[in-house]
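The block underneath contains the structure these notes are about, expressed in structure tokens.
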Amino acid sequence: MIIMLYIAALIAAIAFAVLVIYVARTLIAVRRTMNNVADTLEGVEKQMEGITLETTALLNKTNKLAEDVGEKSQKLNTLVDGVKGIGDSVQDFNQSLRTFSKGLTTSANNNTDSAAQAMKWGQVAINLWKKSKNEDKK
């Protein structure tokens, strides 16, 4: 019976040793994996520093570009206001011409007889002037 106890103790010791060996191998693999993870994180950290610098530079350029666009937009607004003023002036001028033209048309319609008589007298005056010119040449 004591031999059975020794055999049981020996089996337990062997099982414990096998368990320790497998746990040790697992821990060694975990250590290697953790080292790889640490190396990878160092690389990522360096890349993030570069990305941060580039992002900051890009943000600064974007801000400068936005300011430039704002200034040019303000100048363009001034130009558009000037063009609008010119358009308003042209529109007012056209309205004045229409009013003047309507006035002339109304006046001409009201004074057709006088206008016809003035045209006849104007034609007579031109004919007399031409005739006197022809006589001077001869």
Side-chain angles (χ1 to χ4, degrees):
M1 191 141 142
I2 289 191
I3 292 181
M4 290 286 256
L5 245 153
Y6 287 126
I7 292 175
L10 182 63
I11 291 174
I14 292 172
F16 185 73
V18 169
L19 179 67
V20 168
I21 290 172
Y22 280 111
V23 168
R25 288 178 73 192
T26 303
L27 289 176
I28 290 171
V30 167
R31 185 179 72 194
R32 269 188 266 142
T33 302
M34 293 305 281
N35 285 337
N36 289 339
V37 168
D39 292 342
T40 302
L41 286 177
E42 284 178 20
V44 168
E45 184 178 342
K46 288 178 184 176
Q47 289 177 354
M48 286 303 292
E49 288 175 8
I51 290 172
T52 302
L53 292 175
E54 289 178 16
T55 303
T56 303
L58 181 62
L59 184 60
N60 289 335
K61 287 179 183 179
T62 303
N63 288 338
K64 288 179 184 177
L65 182 62
E67 289 175 12
D68 187 43
V69 167
E71 290 173 7
K72 288 182 178 164
S73 174
Q74 189 64 28
K75 289 178 183 177
L76 185 62
N77 286 342
T78 304
L79 177 66
V80 168
D81 290 341
V83 170
K84 184 181 180 284
I86 291 170
D88 292 343
S89 298
V90 168
Q91 187 176 7
D92 292 343
F93 181 70
N94 283 341
Q95 186 62 35
S96 298
L97 285 178
R98 283 189 197 109
T99 304
F100 181 70
S101 175
K102 285 180 185 177
L104 281 179
T105 304
T106 303
S107 177
N109 287 337
N110 291 340
N111 300 317
T112 8
D113 293 337
S114 300
Q117 190 175 16
M119 290 287 286
K120 286 179 187 177
W121 281 107
Q123 189 65 37
V124 168
I126 290 172
N127 287 339
L128 286 174
W129 180 72
K130 285 182 182 178
K131 190 175 185 182
S132 70
K133 215 168 191 194
N134 284 338
E135 286 179 8
D136 286 342
K137 285 184 183 179
K138 287 183 183 180

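Annotation: the span from Asn60 atom CG to Leu65 atom CG amounts to 12.5 Å, rounded to 0.5 Å. In this structure, the separation between CG on Asn35 and OG1 on Thr40 is 10.5 Å, given to the nearest 0.5 Å. Interatomic distance, Thr56 OG1 to Ile51 CD1, rounded to the nearest 0.5 Å: 11.5 Å. In this structure, Ile28 CD1 and Thr33 OG1 are separated by 12.0 Å, a value rounded to the nearest 0.5 Å.
With a 4.5 Å cut-off on side-chain heavy atoms, Val30 and Met34 count as touching.
When atom types are taken as modelled, the side chain of Thr62 and the backbone of Leu58 share a donor-acceptor pair closer than 3.5 angstrom. Side chain of Thr52 to main chain of Met48: a donor-acceptor pair is present (N/O by atom type, distance under 3.5 Å, no hydrogens or angles).
Residue pairs meeting the salt bridge (Lys or Arg N to Asp or Glu O under 4.0 Å) criterion with at least one partner in residues 40-62, sequence neighbours excluded, are absent.
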Check step by step if side-chain contact (heavy atoms from CB on, under 4.5 Å) holds for Tyr6 and Leu10. CA-CA 6 Å; Tyr6 287 126; Leu10 182 63; over 6 Å; no
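Trp121 and Trp129 fall into different hydrophobic clusters, defined by Ile, Leu, Val, Met, Phe, Trp and Tyr side-chain heavy atoms under 4.5 Å apart, directly or through other members.
The salt bridge (Lys or Arg N to Asp or Glu O under 4.0 Å) test applied to Lys72 returns Asp68, not counting sequence neighbours. Remark: Ile7 engages Ile3, Ile11 in a side-chain contact (heavy atoms from CB on, under 4.5 Å) (not counting sequence neighbours).
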